[in-house]
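Structure record follows, encoded as structure tokens.
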2 protein chains.
Amino acid sequence: MRNKTPTLDDVAKLAGVSRITASRYFRQPEKLRSTTQAKVAKAIADLGFSPNLAASALAGQPSKMVLALVSALSNPLFASLVSAMQSKLAEHGLHLLIADTQYDPDQEFQLLLELLGRRPDGILLSTIFHSPKTHKLLLQSAIPVVEVWDYPDSGVAINSAVGFSNHEIGYIAAKHLCLGPNPKAVFCGANDERDEWRWRGFTQGCNELGAPPPQRYELPLLPDIAQGKTALKQLLANQHDFNAIFFTNDLPAIGAVQLANELGIQLPNQLRICGFGNTEFAAHLQPSLSSISVPIEQIGKQAVSELINMLNGKAPQMHKLPASLIQGQSS
Amino acid sequence: MRNKTPTLDDVAKLAGVSRITASRYFRQPEKLRSTTQAKVAKAIADLGFSPNLAASALAGQPSKMVLALVSALSNPLFASLVSAMQSKLAEHGLHLLIADTQYDPDQEFQLLLELLGRRPDGILLSTIFHSPKTHKLLLQSAIPVVEVWDYPDSGVAINSAVGFSNHEIGYIAAKHLCLGPNPKAVFCGANDERDEWRWRGFTQGCNELGAPPPQRYELPLLPDIAQGKTALKQLLANQHDFNAIFFTNDLPAIGAVQLANELGIQLPNQLRICGFGNTEFAAHLQPSLSSISVPIEQIGKQAVSELINMLNGKAPQMHKLPASLIQGQSS
DNA sequence: GTGAAAGCGCTAACAT
DNA sequence: ATGTTAGCGCTTTCAC
């Protein structure tokens with residue numbers, strides 16, 4: 001028969017000290033005589049004791065848990081983000097509670113409602129687009145929130161935000177694609193708020209270079225490679241006049257490059273293509289894909305730093321991190 | 001000034017009932033008169049109350065948390081796995097606590113030690129290779145463990161395992177690559193236990209087809225595209241005689257396909273290449289990459305099902321899920 | 001440097 | 001159908 005999980009009392013008894021002394025071993029070991037420390041340490045090891053963090057939390061300690069809500073865990077870009085956040089959190093002894101909102105604001109709200117019951121010390125939200133209910137819930141919970149990934153071009157954040165500007169991304173793409181002579185650009189993106197900002201940046205960039213207003217082609221919400229082929233095919237079929245395409249995701253951009261290859265369209269001479277995300281793959285395409293790159297790791301780590309600052313009582317700060325063009329052969 | 005987080009007592013007071021009645025609203029609402037239910041519901045809404053799960057756990061309820069330890073969160077394959085597990089867990093009201101072991105058994109042990117303090121109801125371990133310390137710790141913790149991803153070809157599991165057989169993967173690859181006339185195969189894999197099993201399956205497959213014993217070329221632990229180019233380059237430089245290569249990961253396989261293209265090596269006539277993982281990318285290469293595919297989503301979901309079965313008292317079961325060859329043009 | 005008492009927010013067991 | 005009592009495992013005073 002297996003014994004039940006040992007408690008601090010068991011440790012104390014075995015070590016011949018009081019419970020509170022055993023407790024202090026973890027939080028203020030310097031207060032214990034070294035001989036006492038040794039006794040307690042031995043008891044802990046003998047019992048295989050690990051303190052019940054739920055009880056600590058109840059007794060007033062911070063929960064040492066951070067909640068991360070992510071739009072799509074399976075998206076490799078978000079996976080990198082989560083990975084970066086996790087490792088930084090681990091350095092500070094914080095545990096990561098994670099959930100996938102599947103791009104659904106209602107689900108985000110529901111998950112949040114549930115997970116708030118864990119009393120996390122802080123919250124990392126991997127997108128900046130929330131329902132008003134979520135916004136309100138978060139504010140009244142009074143838990144520090146860092147919105148990660150996008151930087152809110154609207155300027156409005158719950159507490160703090162760390163990320164890249166969608167507007168800037170569109171802008172950079174336009175400035176790059178419209179450099180050649182007689183530029184006629186197409187914007188291929190989804191119909192969501194995020195790509196709306198990129199679209200605005202894109203049109204602004206085209207404008208500033210004196211290029212004609214860009215066309216817009218709508219992509220599904222969840223990007224994949226095949227969409228890029230379809231998009232290019234349709235654009236060609238519709239006899240649109242264009243010589244540059246910005247895809248708001250590398251996957252469809254890759255598809256477009258491949259279709260261009262198949263059709264014998266010369267990149268970048270006849271057509272310039274640029275993607276977003278700087279997938280490992282992009283550099284290995286033939287021709288290699290130009291892509292707007294975003295410092296994912298840095299965003300993740302800095303978001304955690306910002307959160308920790310807030311936990312230490314500092315005032316929330318906004319951090320806009322720079323995106324940059326990785327020049328490939330496709331543009 | 002903000003009020004502190006409301007408790008069940010606050011709810012009870014506001015609703016004019018006792019604390020336990022308010023508590024039952026969550027767990028056994030059917031026991032409450034509907035008028036009482038309404039009163040409590042209103043109080044909860046008015047206060048924005050969400051029950052403190054740490055307190056519930058302390059009072060004897062299951063923690064409703066599941067711990068997942070993953071080798072590398074940033075690896076897209078694991079990201080898909082985690083995503084699948086998370087959504088299945090969510091269906092059952094279980095929250096996911098996650099950590100990244102970075103392929104390091106010592107770190108795995110340390111993380112486990114810490115995270116056991118959360119008293120998770122179950123544990124999902126995304127690899128089957130652990131240090132003996134970890135093994136012991138897990139056994140004495142008496143928390144149900146499902147090892148996910150690989151199926152232990154050794155037959156030994158902590159409690160239960162859900163995954164594909166590495167041996168089978170090597171075997172399938174060999175059977176496929178050695179089908180042509182006069183096969184001379186190379187195995188490109190890392191120097192770890194996982195690829196050791198694949199190697200054994202691979203040699204067995206070659207054997208059974210009467211092919212000569214395969215050569216082995218060692219790849220770094222963390223795969224990338226460039227490694228495949230290097231590998232093929234070196235194999236060619238060393239004037240080894242071979243006409244088929246199995247890469248234990250799609251990334252280097254992709255690199256090899258690309259180098260073959262550059263060098264004008266005809267795939268699959270002069271050289272047959274097969275990878276592992278069936279990355280989205282594989283199908284879109286030119287020529288498309290053959291790859292051993294593994295049902296990642298299914299593994300994740302079934303692992304969670306198995307865990308839930310164990311939580312319900314069922315005896316642990318082993319589940320070996322089939323891998324399959326996705327035929328491309330590269331072999 | 002160590003300990004005793006009280007309490008964190010909840011629930012199980014036993015009333016009524 | 002609802003309430004009372006006791007206690008989960010820890011930490012916070014406040015003593016010594």
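Within every chain, numbering begins at 1; the chains are lettered A, B, ... in the order of the sequence lines, protein sequences first and strands thereafter.
- Summarising the geometry, the separation between NZ on B:Lys13 and P on C:dC10 is reported as 12 Å, rounded to the nearest angstrom.
- Looking at B:Ser56, its side chain never comes within 3.5 Å of a backbone N or O of B:Gln61 through a donor-acceptor pair.
- For A:Arg19 against C:dT2, a side-chain-to-base donor-acceptor contact under 3.5 Å is absent.
- Rounded to an integer number of Å, the gap from CG of A:Leu8 to P of C:dA4 is 14 Å.
- Sorted by residue number, the members of residues 22-50 of chain B with any non-hydrogen atom under 4.0 Å from DNA chain C read B:Ser23, B:Arg27, B:Phe49.
- Checked by atom type and distance alone, the side chain of B:Ser126 pairs as donor or acceptor with a backbone atom of B:Ser71 at under 3.5 Å.
- In this structure, B:Glu147 contributes its side chain and B:Ile158 its backbone to a donor-acceptor pair below 3.5 Å.
- When atom types are taken as modelled, the side chain of B:Asp10 and the backbone of B:Leu47 share no donor-acceptor pair closer than 3.5 angstrom.
- The CD-P distance, from B:Gln61 to D:dG9, rounds to 14 Å in whole Å.
- Among D:dC10, D:dT12, C:dA13, the nucleotide with an atom closest to any side-chain atom of A:Pro51 is D:dC10.
- In this model, a donor atom of one side chain and an acceptor atom of the other lie less than 3.5 Å apart for A:Ser160 and A:Glu306.
- A:Asp10 places its CG atom 10 Å from the C1' atom of D:dG9, with the value rounded to the nearest Å.
- Counted by atom type alone, B:Arg19 and B:Ser23 present zero donor-acceptor pairs between their side chains at under 3.5 Å.
- Across the protein-nucleic acid pair, B:Leu58 atom CG and C:dA12 atom P stand 13 Å apart, rounded to whole Å.
- The backbone N or O of B:Tyr151 lies less than 3.5 Å from no partner atom in the side chain of B:Ser165, so there is not a single donor-acceptor pair.
- With C:dG9, C:dT11, C:dG3 as the candidates, the nucleotide lying closest to the side chain of B:Asn52 is C:dG9.
- Of the candidate nucleotides D:dG3, C:dG7, C:dC10, D:dG3 has the atom lying nearest to any side-chain atom of B:Thr21.
- Minimum atom distance to the side chain of B:Ile20 is reached by C:dA13, of the listed C:dA13, D:dC8, D:dG9.
- Regarding A:Asp9, its CG atom lies at a distance of 11 Å from the C1' atom of D:dC8, rounded to whole Å.
- Which of D:dT11, C:dC10, C:dG3 sits closest to the side chain of A:Ser18 comes down to C:dG3.
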